[in-house]
Protein chains: 2
Amino acid sequence: MFSDETPVGRTTPPEDQQSLVAYVVDSIIDGVSKGSYAHGQRLIAADLAEQYGVSRAPVREALHVLAGEGVVEITPNRGAKIRRLSTKQLFDFLEFTESICALGVRLATEKMDEPEHVAALEVCFSHITEAWDRRHGRDFVTALYMYHVEVNRISGNQFVDFFYRRPYIRFYTILLAEKVTGIHWEQYILNYKRIHETIIEGDTHAAAATFVSHIRWVLKHLNAADTA
Amino acid sequence: MFSDETPVGRTTPPEDQQSLVAYVVDSIIDGVSKGSYAHGQRLIAADLAEQYGVSRAPVREALHVLAGEGVVEITPNRGAKIRRLSTKQLFDFLEFTESICALGVRLATEKMDEPEHVAALEVCFSHITEAWDRRHGRDFVTALYMYHVEVNRISGNQFVDFFYRRPYIRFYTILLAEKVTGIHWEQYILNYKRIHETIIEGDTHAAAATFVSHIRWVLKHLNAADTA
DNA sequence: GCATACGAAATTACATACAAAAAAGTAAGG
DNA sequence: CCTTACTTTTTTGTATGTAATTTCGTATGC
């Protein structure tokens, strides 16, 4: 979407991590997000082990975590590959997360009688506009993502909250943002201003409707970009 | 929900499996589903290894898959536990999957001009009624689950399809069914007859509405059972 | 020139070994 | 009798070894 200005911080050294498995998982997710690993690329345990300075055991365990997450595919006797996603699948992913986020938005809007919830959302939204003003792509996407994380937290539905924070959702979200072209970003941020306003106003129906119509708008443009 | 009539087939021997990891994953999921493992129970790698006649390596890898799936929690240096789910969380899970299944239903209904889709759904629905007639709890839940798997497949949204077939969805669905009490199952099957009819009729709006109102009905009764 | 068969290298899957951390048991002190 | 410190046992996390499988390069036959 935007050009990527900062080279993105390298992965944390193993000492700071809780376990080597977590370190390797984060490193791989990070590597995929920033494009170090191509989709469909084979991940060879021994190579990764050497690269990250650990043995094959934690690498294999990390790959199995990622397989469980749905970020890599493990074929018996054929090892792990980064899951390849077609544009169609990313489109489907967006349509899919629409349902989840819409639920989060609907439930969170009902909780806007609590001033602290409003305040928390205001902070998150300020991060969106800030990243937008700086035209910083990755930060913008991250801020949008974090906004929904907060919405889902406020929603009170623990499963929505849990689900949306899963690494693979994060991963697909970033991936999607990078693939999206032909979107009118000025309109996008305007939509979000409107969504944010309706949420904090506490009008459940309006918030859900506004959000859904925003996603429909995005889907429409994505679709157009795909078939073009 | 119902009494469980059959003792549920034991896990497949390792020879039939593609890999020991897959075998252990299936075995654990199966064990959790049928209640062999309590929620919050610690899973000791060495014990599982001995139990399944394999070494600790594939067991640990299986546990990491399940951690990625969200079925077990791994705490550094403290091993793996079956994720404990409160009634509230299962309630949230149902509310969550409503959104997904509703999307699947909406999209699938649009595809009912294909006779083969209708036929496929008819088969799946016959399994529901058959299990219902036999009053077989596990089969009934499984048939309902498989119905939605088919709906999601027909929907054409690959992500919904992918997501709903994840082991942990299956796992939570079974768990939920076992916890649900105070539901009027006669009404439940009537609702599903209605849902099925509206889907195959191809009326998108009606199908979505019927399905959502069904879930609302379930949620209402669940809620009542929870607070009672 | 192209397909097929063969063999070497690479890679995986699984088992085992060992150090570090946590848990459990035991004894001393209040 | 309960709490606390220490020791032992259990369990985890990581590294390494090995057989089986796959992959890749090469040569052979058509």
Side-chain angles (χ1 to χ4, degrees), chain A residues 11-29 31-32 36-69 71-84 167, chain B residues 11-29 31-32 36-69 71-84 167:
Chain A
T11 50
T12 331
E15 300 88 46
D16 299 2
Q17 286 291 138
Q18 299 186 316
S19 75
L20 293 187
V21 175
Y23 163 62
V24 174
V25 167
D26 288 350
S27 300
I28 294 175
I29 287 256
V32 174
S36 308
Y37 304 117
H39 305 175
Q41 179 180 332
R42 202 171 154 196
L43 294 176
I44 291 154
D47 292 357
L48 293 172
E50 194 184 15
Q51 187 177 339
Y52 297 124
V54 298
S55 76
R56 286 172 1 245
V59 169
R60 278 184 62 84
E61 286 168 2
L63 289 174
H64 280 87
V65 170
L66 293 170
E69 288 279 353
V71 173
V72 310
E73 281 173 325
I74 295 181
T75 320
N77 293 321
R78 247 164 237 185
K81 284 182 171 186
I82 305 284
R83 211 159 95 90
R84 169 172 276 131
Chain B
T11 48
T12 331
E15 300 87 48
D16 299 3
Q17 286 291 137
Q18 298 185 318
S19 75
L20 291 188
V21 176
Y23 163 61
V24 174
V25 167
D26 288 349
S27 300
I28 294 175
I29 288 257
V32 175
S36 309
Y37 304 119
H39 306 173
Q41 179 179 333
R42 203 169 153 197
L43 293 176
I44 291 155
D47 292 358
L48 293 172
E50 194 184 13
Q51 188 178 338
Y52 297 124
V54 299
S55 78
R56 273 176 48 226
V59 169
R60 281 183 60 84
E61 286 166 5
L63 289 174
H64 280 85
V65 170
L66 293 169
E69 289 279 355
V71 174
V72 309
E73 282 173 324
I74 294 180
T75 319
N77 292 321
R78 246 164 240 186
K81 285 181 172 185
I82 305 284
R83 210 158 96 89
R84 168 171 276 131

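The chains referred to below are lettered A, B, ... by the order of the sequence lines, with proteins before strands, and numbering in each begins at 1.
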Worksheet item: Roughly how many Å is it from CD1 in B:Ile74 to P in D:dT14, rounded to a whole number?
Response: 11 Å
Fill in: Whole-Å gap separating P (C:dA10) and CG (A:Leu48)
17 Å
Discussion item. Considering every strand and a 4.0 Å limit on heavy-atom distances, what is the contact class for A:Leu63: base, sugar-phosphate, or nothing?
Written reply: nothing
Discussion item. Closest-nucleotide mapping onto DNA chain C: is A:Arg78 or B:Ser55 further toward the 5' terminus? I mean the 5' end.
Written reply: A:Arg78
Practice prompt. By nearest nucleotide on DNA chain D, pick out whichever of B:Ile44 and B:Ala57 is the more 5' one.
Written response: B:Ile44
Response to the item:
Atom CG of B:Asp47 and atom C1' of D:dT9 are separated, to the nearest Å, by 14 Å
Item to complete: Evaluate side-chain contact (heavy atoms from CB on, under 4.5 Å) for A:Val65 paired with A:Val24, printing each intermediate quantity in order.
Response: CA-CA 10 Å; A:Val65 170; A:Val24 174; over 6 Å; no
Practice prompt. Take atom CD of B:Gln51 as the centre, draw a 6.0 Å sphere, and report whether it contains more than 12 heavy atoms from other residues, nucleotides or ligands.
Written response: yes
Practice prompt. Using heavy atoms to find the nearest nucleotide of DNA chain D for A:Pro76 and B:Arg60 separately, return the residue whose nucleotide is more 5′.
Written response: B:Arg60
Discussion item. Taking any heavy-atom pair under 4.0 Å as a contact, classify A:Glu61: base, sugar-phosphate, or nothing.
Written reply: base
Worksheet item: Can you tell me how far P of D:dT12 sits from CD of B:Glu50, to the nearest Å?
Response: 13 Å
Worksheet entry | For atom CG of B:Leu20 and atom P of C:dT16, their distance in whole Å | 12 Å
Practice prompt. Could you check how far CG of A:Leu43 sits from C1' of C:dA10, rounded to whole Å?
Written response: 16 Å
Discussion item. Tell me the interatomic distance from A:Asn77, atom CG, to D:dT18, atom C1', rounded to whole angstroms.
Written reply: 15 Å
Worksheet item: Rounding to a whole Å, what distance do you find between A:Lys81:NZ and C:dT12:C1'?
Response: 15 Å
Worksheet item: With no angle test and no hydrogens, is the base of D:dG13 tied to the side chain of B:Arg56 by a donor-acceptor pair under 3.5 Å?
Response: yes
